[in-house]
Amino acid sequence: MSPPPPPLGRARKRDAQLFDPALCDAELIDVRTQFTQGRWARVRSLLVGTGDDWDRRGHRVVVLAQTPAATAWAREWLLAEPDSADAATLLACAAVFGALRRKGTPAAAEEACRRAAALLPDDPTPWLGLLLLSRAFGTEEEFSRHFDQVRARHREHHHAHHLMVARLAERTLGPGQGPLHEVYDFAAWAAEESPADSPLAVLPVVAHAERYRVLAATQGHTPEAAAAHWEGRRARQVLRSAFDWWLEWERDDHPRNRVDLNFLAHAKLCEGRPAEAAALFHRIGSHATPAPWSYPDRDPQKAFLAARNVALGTA
């Protein structure tokens, strides 16, 4: 049964918070505010409390690493506590995002990630940093190797699997290959290998959206092509399975669950099922994510708000 709708007036007041990478992690949002002011002691407590919840740790470190002056404050923390794996990991991920913004070198970021990885060998987060780095600057072999290192430490790592699906979707089918792209096989395999309650059950939907992004960019975006992509037999099976998983499990406790819900809501609208999308929009609330609403080359805020209005009947 679909959940009851929230008061729309209250939802509209929260639209200014759309695309906050912290999503619904209220504790992270509070700590991030203090971190931007140079108060890193709360970050230390937050990461200690996160422990080996690797998906949550990766989410929190990535969000904190993108804040203004993250490098400076993480470096100050590390100077105060030279043996802190948490400080080293945050500094390394800040260096990764600095390199992605062309405000640092990939080589320096890689070195920082490897230093952090040596301090806490079980932690996949420094390897997530290397995965983000190689997504932009590395070879396919480097990217695959870093993904394997993440997965060796946490087999269901959510962010890493999303990055792998995005990378695989960009591969071109070679001569003699079958009509089905390898990204679909990878996503189905990862979902099947995971426990029943794993959010990776939604990964085949993510694969379908990422492949749509690539096809729209390379072959043009037409209503006919979009319909063929989203309304085919394989797409319907994937979407039904993922939606049924959400109805049964709804992992609201997962730090990146709103990422999955955005992909699923987008896919349900593309499939032509606004009523099912509406239930997902109620759960998403104000926690929109740029992907997949920016596909293919759209303004994500306009696209998200328009899609939500259609699903909720407020257009």
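Just so you know, residue 1 is the first one in the sequence shown, and it goes up from there.
One finds a salt bridge joining Arg213 and Glu210 here, because a Lys/Arg side-chain nitrogen approaches an Asp/Glu carboxylate oxygen to under 4.0 Å. One finds no salt bridge joining Arg258 and Asp20 here, because no Lys/Arg side-chain nitrogen approaches an Asp/Glu carboxylate oxygen to under 4.0 Å.
Using cut-offs of 30° and 60° on the angle between ring planes, the pair His146 and Trp127 is tilted. Using cut-offs of 30° and 60° for the angle between ring planes, the Trp246 and Phe243 rings count as tilted. A perpendicular orientation is assigned to the rings of His154 and His157, their planes being inclined by more than 60° (bins at 30° and 60°).
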I would like to know whether Tyr184 and His208 meet ring-ring contact (aromatic ring centres under 6.0 Å, His included); could you show each step before the answer?
CA-CA 7 Å; Tyr184 300 130; His208 223 73; 5.2 Å; yes
Test side chain to side chain contact (heavy atoms under 4.5 Å, CB included) applied to Asp244 and Glu248, step by step
CA-CA 6 Å; Asp244 287 348; Glu248 181 174 0; over 6 Å; no
Please test Glu110 against Leu133 for side chain to side chain contact (heavy atoms under 4.5 Å, CB included), starting from the C-alpha separation and ending with a verdict.
CA-CA 8 Å; Glu110 179 178 357; Leu133 198 66; 3.9 Å; yes
Verdict with supporting geometry, Asp83 and Leu119, side chain to side chain contact (heavy atoms under 4.5 Å, CB included):
CA-CA 8 Å; Asp83 296 328; Leu119 288 172; 5.8 Å; no
Dump the intermediate steps for side chain to side chain donor-acceptor pair (under 3.5 Å) on Arg145 and Gln149, then the final yes or no.
CA-CA 6 Å; Arg145 188 165 63 247; Gln149 291 289 347; over 6 Å; no
Given ring-ring contact (aromatic ring centres under 6.0 Å, His included), test Trp40 with Phe35 step by step and report yes or no.
CA-CA 5 Å; Trp40 48 262; Phe35 184 56; 9.2 Å; no
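A side-chain contact (heavy atoms from CB on, under 4.5 Å) with Phe147 is found for exactly one of Leu163, Leu128, Leu131, namely Leu131. Results of the salt bridge (Lys or Arg N to Asp or Glu O under 4.0 Å) test with Asp86 over Arg60, Arg44, Arg57 single out Arg57 as the only residue that passes.
Atom CZ of Arg233 is surrounded by 12 or fewer heavy atoms from other residues, nucleotides or ligands within 6.0 Å. Surrounding CG of Asp253 are more than 12 heavy atoms belonging to other residues, nucleotides or ligands, all under 6.0 Å away. Atom CD of Glu141 sits in a sparse spot, with 12 or fewer heavy atoms from other residues, nucleotides or ligands closer than 6.0 Å.
Hydrophobic clustering, with ILVMFWY side chains joined whenever heavy atoms are under 4.5 angstrom apart, keeps Leu78 apart from Val96. Linking Ile, Leu, Val, Met, Phe, Trp and Tyr whenever their side-chain heavy atoms come within less than 4.5 Å leaves Leu64 and Leu130 in two separate clusters.
Side chains of Asn262 and His287: a donor-acceptor N/O pair is absent below 3.5 angstrom, by distance only. A donor-acceptor contact under 3.5 angstrom links the side chains of His254 and Asp55, judged on distance only. Ser194 and Glu156 form no side-chain donor-acceptor contact under 3.5 Å, judged by distance and modelled atom types alone.
Annotation: Trp293 is in aromatic contact with His266 [ring centroid separation under 6.0 Å]. Residues His158 and His162 place their aromatic rings such that the two centres sit under 6.0 Å apart.
With a 6.0 Å cutoff to the six-membered ring centre and a 45° limit on the axis angle, Arg308 does not count as a cation-pi contact of Phe281.
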